[in-house]
There are 2 protein chains.
Amino acid sequence: MNTRNKNKTKQSCDCTISRTDIPPAIQEDLDAVGGIPGLCDQLPPESSIVTTSTTYHALSDPLRMKVLYLLRVQPLCVCVIKACIGIADSKLSYHLTILKKAGLIEGEQKGNWIVYQITEKGLLFAQENPPMPSL
Amino acid sequence: MNTRNKNKTKQSCDCTISRTDIPPAIQEDLDAVGGIPGLCDQLPPESSIVTTSTTYHALSDPLRMKVLYLLRVQPLCVCVIKACIGIADSKLSYHLTILKKAGLIEGEQKGNWIVYQITEKGLLFAQENPPMPSL
DNA sequence: AAAACGTTTCAATTTTAATTGAAATATTTA
DNA sequence: TAAATATTTCAATTAAAATTGAAACGTTTT
């Protein structure tokens with residue numbers, strides 16, 4: 001059994017590269033860190049990487065960022081968000097769902113309306129000079 | 001001439017909504033902030049929103065996050081990154097370009113290789129518990 | 001219970017992003 | 001200068017995300 005990899009929580013890589021193929025300065029640093037396998041061991045677990053990039057994806061659309069900035073001001077029903085941004089209902093709903101799934105906003109039914117508010121996580125990304133979050 | 005909108009740096013919205021159409025609690029907050037136009041004035045300028053979401057887009061792919069995490073450890077030539085991640089040259093190059101354009105990494109030719117390193121901006125996003133950046 | 005309202009869902013389409021493999025470029029070595 | 005190596009660029013394809021308009025859903029009002 002491969003003892004080096006037992007109980008690993010980080011992902012490792014099985015790839016190798018011949019020692020003469022890379023610049024000496026980089027090779028030195030690489031040796032210090034345990035070569036390519038040691039370097040790969042420094043990657044966060046795949047699941048965490050996926051979570052992180054999913055959050056960033058939700059933030060990667062200007063429209064969605066606008067919604068987040070609006071909800072930073074106060075909770076809002078969909079119709080007000082729509083009035084500010086000026087897009088079709090179904091389009092807005094689509095983007096709200098993406099923000100919601102990423103945990104950046106949450107919605108609550110209040111009578112005839114659904115009122116959305118920003119979450120704590122969302123707030124971290126809705127700063128104009130954002131002071132960044134743990135995802 | 002419209003005096004309200006002269007010299008504006010934030011974007012504003014010209015949409016209105018009839019006063020009775022939204023939940024009272026929200027209406028109150030909305031009044032306090034200057035109604036829908038006042039709310040819209042709180043949006044950052046469009047250009048800043050686009051810059052922000054472009055950065056997030058660069059971060060929205062697991063592959064690109066991996067590259068960023070690797071470069072957090074030390075500067076690397078493309079071949080080592082490739083050895084860790086295990087994808088085709090041209091694919092890696094495509095993703096490196098996106099990270100570079102977003103200002104998260106930079107590359108320098110060193111002899112036969114191109115050595116990439118993470119930028120200060122990139123470093124802010126490559127924390128496992130990221131302490132967030134101003135974009 | 002029917003009509004009206006705010007919002008979401010769905011299927012179809014359009015747009016954008018990612019992947020692929022071959023060819024091109026630039027640097028070094030022979 | 002030719003061959004070899006590392007990386008990028010390009011055109012074509014595939015895959016994913018966004019948009020659209022119509023229909024459905026749940027709540028409130030009449």
Side-chain angles (χ1 to χ4, degrees), chain A residues 15 17-27 50 53-67 71 75-102 105-117, chain B residues 15 17-27 50 53-67 71 75-102 105-117:
Chain A
C15 311
I17 201 173
S18 92
R19 169 164 282 271
T20 59
D21 280 332
I22 75 181
I26 289 180
Q27 182 64 62
V50 168
S53 49
T54 299
T55 297
Y56 285 135
H57 170 256
L59 297 161
S60 72
D61 185 294
L63 223 65
R64 294 194 288 264
M65 284 306 298
K66 273 187 203 173
V67 171
L71 292 177
L76 295 170
C77 55
V78 177
C79 53
V80 172
I81 300 173
K82 184 190 171 188
C84 286
I85 300 193
I87 56 175
D89 287 333
S90 65
K91 185 172 172 179
L92 179 52
S93 183
Y94 169 77
H95 289 290
L96 287 172
T97 299
I98 289 176
L99 287 168
K100 194 167 52 182
K101 280 185 181 158
I105 66 175
E106 56 196 9
E108 191 189 353
Q109 183 110 25
K110 289 225 171 113
N112 219 333
W113 301 274
I114 295 174
V115 173
Y116 280 95
Q117 61 181 359
Chain B
C15 312
I17 201 172
S18 91
R19 169 163 283 270
T20 61
D21 281 332
I22 75 182
I26 289 180
Q27 182 64 61
V50 168
S53 48
T54 299
T55 297
Y56 286 135
H57 169 257
L59 296 161
S60 72
D61 185 294
L63 224 65
R64 293 194 288 262
M65 284 306 296
K66 275 187 201 172
V67 171
L71 292 177
L76 296 169
C77 54
V78 177
C79 52
V80 172
I81 300 173
K82 184 191 170 187
C84 287
I85 300 191
I87 56 174
D89 288 331
S90 66
K91 186 172 171 179
L92 179 51
S93 184
Y94 169 76
H95 289 290
L96 287 171
T97 300
I98 288 176
L99 287 168
K100 195 167 54 182
K101 279 185 181 157
I105 66 174
E106 56 197 8
E108 189 190 353
Q109 184 111 24
K110 288 228 171 107
N112 218 331
W113 301 274
I114 294 175
V115 174
Y116 280 95
Q117 61 181 0

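Letters go in sequence order (proteins before strands), and every chain restarts at 1.
Across D:dT8, C:dT8, D:dT9, the shortest atom-to-atom separation from the side chain of B:S90 is found for D:dT9. Of the listed nucleotides (D:dT8, C:dA18, D:dA18), C:dA18 has the atom at the smallest distance from the side chain of B:Y94. Comparing C:dA17, D:dT7, D:dT27 by their nearest atom to the side chain of B:I114 picks out D:dT7. The nucleotide whose nearest atom lies closest to any side-chain atom of B:R64 is, among D:dT9, D:dT7, C:dA18, C:dA18. Comparing D:dT7, D:dT8, D:dT5 against the side chain of B:N112 picks out D:dT5 as the nearest.
Following rounding to the nearest Å, B:H95 (NE2) and D:dT9 (P) show an atom-to-atom distance of 15 Å. Summarising the geometry, the separation between CD1 on A:I22 and P on D:dA6 is reported as 11 Å, rounded to the nearest angstrom. Note: NZ (B:K91) to P (D:dT7) measures 18 Å, nearest angstrom. Regarding B:L96, its CG atom lies at a distance of 13 Å from the P atom of C:dA18, rounded to whole Å. For the pair A:W113 CH2 and D:dT27 P, the interatomic distance rounds to 14 Å; values are reported in whole Å. If you measure from atom CG of A:L76 to atom C1' of C:dG6, you get 15 Å, rounded to the nearest angstrom. One interatomic measurement links the two molecules: CG of A:L92 to P of C:dG6, which rounds to 14 Å at whole-angstrom precision. Rounded to a whole Å, the NE2 atom of B:H57 is 11 Å from the C1' atom of D:dA16.
If you check every strand for non-hydrogen atoms under 4.0 Å, B:I81 touches nothing. The residue B:L63 sits apart from the nucleic acid: no heavy atom pair falls under 4.0 Å.
Rounding to the nearest 0.5 angstrom, the gap separating the CG atom in A:L59 from the NE2 atom in B:H57 is 12.5 Å. Note that CG of A:L71 is 10.5 Å distant from CD of A:E106, once rounded to the nearest 0.5 Å.
No donor-acceptor pair under 3.5 Å is formed between the side chain of A:W113 and the backbone N or O of A:L76. Proximity of a side-chain donor or acceptor of B:S93 to a complementary backbone N or O of B:S90 within less than 3.5 Å is not detected.
Comparing A:Q109 and A:S60, the nucleotide of DNA chain D nearest to each residue sits closer to the 5' end for A:S60.
Exactly one residue among A:V67, A:I81, A:D61 makes a side chain to side chain contact (heavy atoms under 4.5 Å, CB included) with A:H95. That residue is A:D61.
Looking at A:D89, its side chain has no donor and acceptor atom pair within 3.5 Å of the base of C:dG6.
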